[in-house]
Each structure stands twice: as structure tokens, then as C-alpha cells.
Number of protein chains: 2
Amino acid sequence: MANINEIAKRAGVSVSTVSRVLNNHSYVSEEKRVAVQRVIDELDYTPNRLAVDLIRQETRTIGVIMPYNNNPAFDQMLHGVLNRSVEQDYTVMVLPTKYDLSKELDCFNRLKNKQLDGIIITSRSNSWDILVPYAKYGAIVACEYTDHPEIGCAYMDRYASYLEAFRLLRERGHSRVAFTTARGTESNSTKLTIKAYKQIFGDYPPAYHIGDCYRLEDGLRAGEQLLHAALRPTAVYANGDEVAAGIYQYARGIQLEVPEDLAIIGQENQTVGIGLGLASVDHQLVKVGEQAFDLIIQKSKNKIEIPYKIHLRQSI
Amino acid sequence: MANINEIAKRAGVSVSTVSRVLNNHSYVSEEKRVAVQRVIDELDYTPNRLAVDLIRQETRTIGVIMPYNNNPAFDQMLHGVLNRSVEQDYTVMVLPTKYDLSKELDCFNRLKNKQLDGIIITSRSNSWDILVPYAKYGAIVACEYTDHPEIGCAYMDRYASYLEAFRLLRERGHSRVAFTTARGTESNSTKLTIKAYKQIFGDYPPAYHIGDCYRLEDGLRAGEQLLHAALRPTAVYANGDEVAAGIYQYARGIQLEVPEDLAIIGQENQTVGIGLGLASVDHQLVKVGEQAFDLIIQKSKNKIEIPYKIHLRQSI
DNA sequence: CTGAAAGCGCTAACAG
DNA sequence: CTGTTAGCGCTTTCAG
């Protein structure tokens, strides 16, 4: 395709004049303007974005680290980011990592190699010590709390929310309470869930904890593992409504009534939970994503807490 | 940050040698290799991606046109694309358009301005006449059938699937059948739905057609509009399981039994439908996305049909 | 095996 | 108001 030199030559002007009309910079005489525009239209010319970004040292593109692309929680945050990016005319790159350390670093390298102006971390697996140095190459915002001054965050008080949910279950008379979490104990939210559980129920019975839960099928598996135990739990806290739905389905399949035989509370107010009438701890992940985006483009390192909500529904 | 010249100077070699070790091209003497690598490590150097892409005339990045970012069907296709892109080490840009004509064109311009190697269209609003010319700038693959030889497609036979679903309802004795669709009549799938409806039921009663349905809330609205009619429909085909879930919820709210009082069949086998036991016409959108991605990187203009499945569940 | 030099396509400081 | 020119940072002929 034609380039800016070609346009300049054909219009009988210099490239800087063409550049000026392209970006309507300063003043260009009306006749040259028109001449340039005519050639641009004739040749159906579009400036090369890579060249522009290269020289401007800015891409107006931000990346979103998403360990998995089939996890509804990450999707919710991504949607929040997209909501804002479209308003602000920014582009977003989706960066799947599978929680792989080196794949994750490759993503951060896109900050260093100038391909991205900023990165939003929905979840990570490298330690902050490794990641923080990348902040000198571009804005980094996390969707979890961290006190590193170089990192902005849009976070929720997960610990408080878990405490409140467990307290709720205890108040309703439950003492045998099971729960599900995502990754094993290396995950921050898993740690906080266990900590809150101990805080409310005193001890931590490993048999009541099912890890690696993300989607409905994982909930079915959790149901199978939990609901045939000698001392069957009377309530379960699921780390997502899809997981909760799987548990619900399994429970109904073996003739258990919800909430009479099993109380269920899920997380993130996902559609399936609304459909099934499942109570849910809603961390407002869409808002988290929106806030994260706002921080990125303001190059702000503020720490913004997004309040959580609890939706009480029939399942409890 | 340091650039390739800096590395060359410090390593006492030319930039071409640095480039060679960077891309391990041809042979470089071991001593120079080591010298260059040492400087690279010392300076923590990373090549600028924009400069590389600019000169290589390739970005290994593809865009996915997604009219809305809160629509589960588009999400399913995006997930398919991401599944493959991560395997093939491609990057994906999400391009929200809101079905706005000029915003959509802006996205196609990213092909022309060399920012993208290809574009996958999950849904579009410009006519093919406008869009096809962009195929000369990069690969375009659609997730719907088109016979334009320049456009590859990963499509499903929507018409056949609608026919089968409506036939199923008729066979089960339903004659008052309502249905929901997405956008108004300008959308291809809406047209096909109406056509199939007429084919099976003879005429097309506008009162039984609710448009602009995407999510659960739209289903609630559809339920409200449909289920208080004098001649209440006995069955409804919903263009998505989230919409179906909304209708289900509304129906249960006014004491209707499913399927006794109202049979419901949804679409795309989404989690909420699985949770509620809703029958579903599954166009396998994740596979569609995967196939679309494969076509893009093979630069293939083939037309690949993805078969649909019908999941029979209690709601029918 | 290695380096010089010519770009890729664009912006912006500077001089006029 | 306009043109010249020096880059942005990299790859790749083409000689040697």
C-alpha cells in the first residue's frame, strides 16, 4: 500500500505537510489541505499504525492477564475492562497464561518491548518481586490488594466477605460447612478462605475442602466428593455460582433438598446462580475491571476498594 | 531502554550481528554470540516489538469483532479463538463494535494499517460489499456462511437447526409457539428464525416474536410480554439459554409449570441452561471459534460447517 | 562469518 | 505556513 512519501510526492508537498493534515496539526493552507486529502482519498491511504506507535512511543493498547479463558470470574473482569476501553478508545489484548510462570512473564515483556501501555492482572502466579520491576515500563494494575507503591489496584476485601458468608451460615445453625476453592493453597483467595473458615468455625477439616473448582463440572465433582461422606456437610460455600450450580445439581440428583438438606451459597452473582435462586457473595467483578481500567489510563497507583454485596436467595 | 545499536556498540559488533543472535540466523562465531548475549543480559535488553513487526510486515495478532461484550454467545466464540491462539502463540485483540457501522469499519482498518494479520467476525453490521474489499489487506473469516470466495467461514446451519427445533415442538403437540431473537429483522439469524417458523407453523404471528433478547433480564421481559397474553403460548424457543432462563424464571414466578404449562427450548448449551435442565440447540460456538482461528492462520478461504446438536432436557 | 547501508512508515524539531 | 532532516528500532540484502 501507498505510504506517506507517495502521498507527499503526488500531492506535490512534503511529508510533514501530509503528516500535518493527517493529524490536523498547526495550520495548513486550505489548498494544500485539499490537495493532500484528494490524493489520500484517491489512493485510499491509511497511515501504518505500527509506524505511528513506534515513533509516538505509545500504543493505546492495554493487556489483560487472564489465566484461563473459560473461567467466568475472569470473564466478568474482562467485561468491565472492555466496557471502559471502548468508551476511551483504547484497545485490549487478551493474555492467557494458564498460570504458567514463564508465559506470564512473556506477557509482561510486552510492556518492556513497548507493545502495551499497561497491564491489568486479574490473577497471577509470579511473585510480586518478579513482577514489580516491570512497572518501570508501563502501568500495572492488579485486581487484588497489594501494598507495593508502584502497583495500582482495584480490589475487594475478600477476607471480610468470606467471614461474613461463613458467619451467616453459622448463624443459621450450620456447623458442618464445606467449601470449594480454585487452585491449591498457593492462591491468595484460597488462603483467605481457609483463614476465614478457621476464624469462624475454629478448625479446618480438610475433607470439607475441595480445590481446583472453576466451573459447573467441578461443582458436580465436589458434590460427589462431599455429599456421600458419613458426616455430610449441611452447608457449602462455593467459590463461584457455576460451581455452586454443579453442587446443587448433584444434590438434587441424589434427592437432597436445598436448602433443607443442604444450604448453598455461591459467589460472583453469575447468571446460573440467579436462575437457580442461589445465594451469592458478589465481589462485583465487572466494576473491579472497570475501575482497574480507569486506574491504568490515569497512570494511577491508587488502591481502590470495591465493596462486595451478598445476595440472599432461596438456597440458604 | 537500550536499543540494538547500543548493544552492538557495547559488544563491539555490528547491529546485524546482534540481530542474528537475536533471531539465531545463519552462523555467528561463538565468541561474538557470547559477547552479544552478555551485553543483552547485562542491559536486560528486549527488542522493540513494534519495530520488529513494522519491518517484518506481520504482527501475529488477530482481531475478533464482538458487537457486545456482555453477550454469552460472542463470549463462547471468543473462547474458541483464544483456545487456539494460545497454542499457536498468536495474540488476540478484542474489538467491540456495538454494531455501529463506522466503529466496525475502524476495526477493519486495523487490517489495512497493518496492525492486525487477520479478523474474525462473530457478527457484523456492515454489508459484505463494504467488508469484502478489506480481504486484500489480511485474512477475514466469518462465523456465518457467506459465498464470497475471499472470505473463509466457520459456520453452522442455523436454518436447519431452527427447523428441527420447531418441528420438535410441533411433534410434541404445540401449535402456539413463541420465539425470541436478537436484533430486529436486519439480523441474519432473525431472518432465518422467522423463515423456519413460517415453514413449520405456516404463518408468523408478530405477537409471539420478542426481539432484542440477549441475556437473562431480556428473558424476564419476554416472559412478561408473552405469558399474560389471552392466548398464551404453550412453548417458546429462546435464542440463548440465558434468555430461556429468564423466561423460565418468569414462568415459575407466575405459577406456571415447565414443561406442563410451558415448554422451553434454549440455545447454545450455556451453563444456566444446564443448571436449570433446559433443552438447548447447541451450535457449538466454541468449536466455531476454534475453527475460525484455524482458517485464519492457514489463510484459508474454505467454508467449514460445524454441526449443531440438540440437547433434550426436562424443559420440553 | 561479518558489517555497511538501505529501508519499514511515520513524527517533530528546526530553519526558513 | 512549509520543507528538510534526523530519528523511532529493527531486519536484510549485498559485498567482502
Side-chain angles (χ1 to χ4, degrees), chain A residues 1-40 43-61 109-117 137-138, chain B residues 1-40 43-61 109-117 137-138:
Chain A
M1 216 192 54
N3 62 20
I4 198 174
N5 292 296
E6 178 81 9
I7 305 294
K9 196 185 304 171
R10 297 217 192 191
V13 300
S14 72
V15 293
S16 10
T17 298
V18 177
S19 176
R20 284 184 191 108
V21 348
L22 248 22
N23 304 291
N24 24 36
H25 266 346
S26 66
Y27 287 96
V28 177
S29 69
E30 191 53 19
E31 47 179 342
K32 300 221 172 190
R33 258 201 63 73
V34 172
V36 169
Q37 194 56 56
R38 227 200 46 238
V39 178
I40 288 178
L43 269 54
D44 194 26
Y45 164 79
T46 305
N48 182 306
R49 174 72 180 260
L50 295 171
V52 173
D53 287 350
L54 175 60
I55 198 153
R56 288 226 176 107
Q57 313 261 48
E58 182 193 55
T59 59
R60 291 185 74 83
T61 300
N109 264 311
R110 291 167 188 263
L111 229 42
K112 193 168 160 191
N113 71 24
K114 297 285 151 202
Q115 202 184 9
L116 254 28
D117 291 351
Y137 304 118
Chain B
M1 214 192 56
N3 61 20
I4 198 173
N5 292 296
E6 178 80 11
I7 305 294
K9 196 184 305 171
R10 297 215 192 192
V13 299
S14 71
V15 291
S16 8
T17 299
V18 177
S19 176
R20 284 184 191 107
V21 349
L22 247 22
N23 305 289
N24 23 37
H25 268 346
S26 67
Y27 286 97
V28 177
S29 68
E30 191 54 19
E31 47 178 339
K32 300 218 170 190
R33 258 201 62 74
V34 172
V36 168
Q37 193 57 55
R38 226 202 46 239
V39 179
I40 287 178
L43 268 55
D44 194 25
Y45 164 78
T46 305
N48 181 307
R49 175 72 180 260
L50 295 172
V52 174
D53 288 350
L54 174 60
I55 198 151
R56 289 226 177 109
Q57 314 259 51
E58 182 193 54
T59 58
R60 289 185 75 82
T61 301
N109 264 312
R110 290 167 188 263
L111 230 42
K112 194 169 159 191
N113 72 23
K114 298 284 149 203
Q115 201 184 9
L116 254 27
D117 291 352
Y137 303 118

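Everything numeric in this text was worked out from a predicted model, so none of it was measured.
- Separating the CG atom in B:Leu111 from the OG1 atom in A:Thr46 is a distance of 10.5 Å, to the nearest 0.5 Å.
- In this structure, CD of A:Glu58 is placed 18 Å from P of C:dC10, rounded to the nearest angstrom.
- Each end of the helix from C:dC1-D:dG16 to C:dG16-D:dC1 gets its own axis, taken as the rotation carrying the C1' atoms of four end pairs onto the next four within a five-pair window, and the two axes meet at 40° to the nearest 10 degrees.
- In this structure, B:Asn48 does not reach the D:dG9 phosphate: none of its side-chain N or O atoms is under 4.0 Å from OP1 or OP2.
- If you take CD of A:Glu6 and P of C:dC10, they are 11 Å apart, rounded to a whole angstrom.
- A donor-acceptor contact closer than 3.5 angstrom links the side chains of A:Thr59 and A:Asp117.
- A:Asn5 places its CG atom 13 Å from the C1' atom of D:dG3, with the value rounded to the nearest Å.
- In plain terms, the two heavy atoms of B:Ser14 and B:Ala8 that are nearest each other are C-CB, 3.7 Å.
- In terms of position along DNA chain D, the nucleotide closest to A:Glu31 lies nearer the 5' end than the nucleotide closest to the other residue of the pair A:Glu31 and B:Arg49.
- A straight line from CG of B:Asp53 to C1' of C:dC10 spans 16 Å, rounded to a whole angstrom.
- For A:Leu54 and C:dG7, the CG to P distance is 18 Å, given to the nearest whole Å.
- Rounded to whole Å, atom C1' of C:dC10 lies 13 Å from atom CD1 of A:Ile40.
- Counting heavy atoms from C-beta on, the side chains of A:Ser19 and A:Val15 never come closer than 4.5 Å.
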Quick one, B:Asn3 with B:Asn48, criterion side-chain contact (heavy atoms from CB on, under 4.5 Å). Give me CA distance, side-chain angles, the key distance, then yes/no. CA-CA 8 Å; B:Asn3 61 20; B:Asn48 181 307; over 6 Å; no
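- Between A:Asp53 and A:Arg56 the shortest side-chain heavy-atom distance does not fall below 4.5 Å.
- When side chains are defined from C-beta on, B:Gln37 counts as touching B:Ile40, because their heavy atoms get closer than 4.5 Å.
- In this structure, CG of A:Asn3 is placed 7 Å from P of C:dC8, rounded to the nearest angstrom.
- The shortest side-chain heavy-atom distance between B:Val21 and B:Val13 does not fall under the 4.5 Å cut-off.
- Distance NZ (B:Lys9) to P (C:dA4): 13 Å, rounded to an integer number of Å.
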Walk me through it: do B:Tyr45 and B:Ile4 pass the test side-chain contact (heavy atoms from CB on, under 4.5 Å)? CA-CA 8 Å; B:Tyr45 164 78; B:Ile4 198 173; 3.9 Å; yes
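- Note on A:Lys32: only backbone sugar-phosphate atoms sit closer than 4.0 angstrom, heavy atoms only; bases stay farther off.
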Between protein and nucleotides 11-16 of chain D, map the contacts as a letter string: B base, S sugar-phosphate only, - none, heavy atoms under 4.0 Å, written 5' to 3'. BBB---
